[in-house]
Protein chains: 2
Amino acid sequence: MARITAGKHASKKDVITHKAALLFRTRGFAVASMRELAEMLGVEAPSLYNHIGSKSELLQNICFSTANEFTLQLDEVENDTEAPAAKRIEQIIRFHIRMMLEKFDEVYVANHEWKYLPDPYLGNFLNQRRAYEKRLTGIIEEGIRKKELRPLNAYIAVLTILSAVRGLEFWHRGNREVPAAVLESNMTDHLLKGLIK
Amino acid sequence: MARITAGKHASKKDVITHKAALLFRTRGFAVASMRELAEMLGVEAPSLYNHIGSKSELLQNICFSTANEFTLQLDEVENDTEAPAAKRIEQIIRFHIRMMLEKFDEVYVANHEWKYLPDPYLGNFLNQRRAYEKRLTGIIEEGIRKKELRPLNAYIAVLTILSAVRGLEFWHRGNREVPAAVLESNMTDHLLKGLIK
DNA sequence: CCTACCGATCGGTAGG
DNA sequence: CCTACCGATCGGTAGG
């Protein structure tokens with residue numbers, strides 16, 4: 001069971017960044033104003049600039065710290081060379097689902113608002129995401145070679161899995177009758193059953 | 001094979017709306033300016049207002065005409081009462097995939113920018129989408145009752161399917177080596193295999 | 001942490 | 001279809 005680190009010793013900058021994630025998710029980065037963010041924190045807008053550099057720096061921090069969490073978890077899974085491919089994919093699916101439920105605002109912003117990243121960062125972010133997808137594809141391809149998985153197109157399988165998991169954002173605001181554990185096992189099951197021989 | 005209607009006899013308003021879909025997708029609704037849209041069409045910004053009412057009216061037209069296409073297709077599928085549940089779900093999956101590939105800008109905007117709809121329309125849009133998901137859930141529940149499908153949580157299955165299909169937006173800008181037909185059959189297969197007994 | 005304020009950009013209108 | 005233009009809002013700085 002992978003741990004998801006919770007923020008402790010939150011600095012003022014951390015507090016601002018966390019509230020910004022909430023604001024950027026609900027309003028959208030482009031529409032969200034620093035005046036709104038300031039109001040959420042009980043200060044005037046110019047005061048924010050004692051702790052942060054700019055509005056877009058907030059977006060960068062949210063997007064990259066989230067991306068890094070996913071990359072770190074993938075490192076761990078890849079180092080577990082004993083596990084069969086299906087088991088490793090399952091770990092990743094479960095981690096995605098749990099991140100979606102526990103760090104909803106940050107994951108949502110990283111998924112939806114990255115396009116507003118300024119120029120060098122935008123490219124870095126997309127490269128990092130592409131690399132992540134490539135590594136997932138590699139795990140599935142290995143599983144197919146070893147006859148552990150059905151001989152499907154690995155790239156499309158990755159696309160299918162990542163997108164399905166991302167769709168949990170709709171669950172968050174909708175049907176709350178389904179408990180998180182049921183959701184995690186059902187969705188993992190559905191996606192794996194389509195993968196395994 | 002469901003048909004997807006192509007725009008003929010395009011009025012000036014249709015041309016503006018179609019270009020707006022492209023602009024809103026690439027730049028985001030909030031950041032896209034009417035001056036940019038005008039430039040794409042070779043006119044000055046105020047001239048647009050001879051054909052359209054407002055920027056947000058453009059968004060409304062894109063979101064609702066897209067939503068209506070999906071609803072109409074669902075009507076058709078539901079009327080085909082002979083077909084088993086898996087067959088009906090397959091038809092819907094394939095329609096989603098094809099819409100994603102053929103009307104990419106419009107579907108993308110309806111999926112991502114609906115939150116900028118002004119107040120009465122925002123609620124209508126969300127209601128329409130919720131009703132659509134409910135009807136899909138109903139088809140799957142029926143399939144489970146008739147023992148045609150595995151006894152999974154129908155709501156989560158709908159979430160999984162709709163989200164996976166939506167993820168094709170990443171394919172559009174990425175890996176073009178996979179032909180559309182392969183993509184459609186692979187993804188449909190993956191999702192159905194997880195559903196069928 | 002605040003008040004005061006700047007330059008830029010926006011959606012949209014007036015008037016022809 | 002255009003030019004000219006308005007009121008509002010924005011990110012961010014100066015200066016304390």
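Lettering follows sequence order; numbering is per chain, from 1. All values reported here derive from a predicted model rather than from experimental measurement.
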Taking atom NE2 of A/H112 as the centre, does the number of heavy atoms from other residues, nucleotides or ligands within less than 6.0 Å exceed 12? yes

For A/D189, is there an ion pair with B/R150 - N to carboxylate O distance below 4.0 angstrom? yes

Using a cut-off of 6.0 Å, state whether more than 12 heavy atoms not belonging to B/D119 lie near its atom CG. no

In the 5'-to-3' direction, what one-character label does each nucleotide of nucleotides 11-16 of chain D receive under the scheme B = base within less than 4.0 Å of a protein heavy atom, S = sugar-phosphate only, - = no such atom? BBB---

Donor-acceptor contact below 3.5 Å, side chain A/H190 vs main chain B/T160: no

Using a heavy-atom distance cut-off of less than 4.0 Å, which residues of residues 116-123 of chain A contact DNA chain D? none

Write down the distance between CG (A/L48) and P (C/dC1), rounded to a whole number of angstrom. 9 Å

I'd like to know if A/E106 pairs up with A/K103 as an ion pair, taking the criterion as any Lys NZ or Arg NE/NH1/NH2 lying under 4.0 Å from an Asp or Glu carboxylate oxygen. no

State whether the number of non-hydrogen atoms from other residues, nucleotides or ligands found under 6.0 Å of A/K19 atom NZ is greater than 12. no

From CD of B/E39 over to P of C/dT9, roughly how many Å is that when rounded to an integer? 14 Å

Could you state the atom-to-atom distance from CG of B/L58 to C1' of C/dC10 in whole Å? 15 Å

Would you mind reporting whether B/I62 and B/E113 have side-chain heavy atoms less than 4.5 Å apart? no

If pairs are Watson-Crick or G-U with both distances under 3.5 Å, what is the dot-bracket string of DNA chain D, marking crossing pairs with [ ] and pairs to another strand with |? ||||||||||||||||

Which atom pairs, donor and acceptor, lie under 3.5 Å between side-chain atoms of residues 137-145 of chain A and protein residues at least two apart or in another chain?
unit_1, atom_1, unit_2, atom_2, d
A/T137, OG1, A/E133, O, 2.7
A/E142, OE2, A/R88, NH2, 3.3
A/E142, OE2, A/K146, NZ, 3.0

Pairs involving residues 64-84 of chain A, ordered by first then second residue, that meet ring pair (Phe, Tyr, Trp, His ring centres under 6.0 Å) (sequence neighbours left out): A/F64-A/F125, A/F70-A/F95, A/F70-A/H96

Sort and list the pairs that fulfil side chain to side chain donor-acceptor pair (under 3.5 Å) and have at least one residue in residues 45-58 of chain A, not counting sequence neighbours. A/K13-A/E57, A/S56-A/Q60

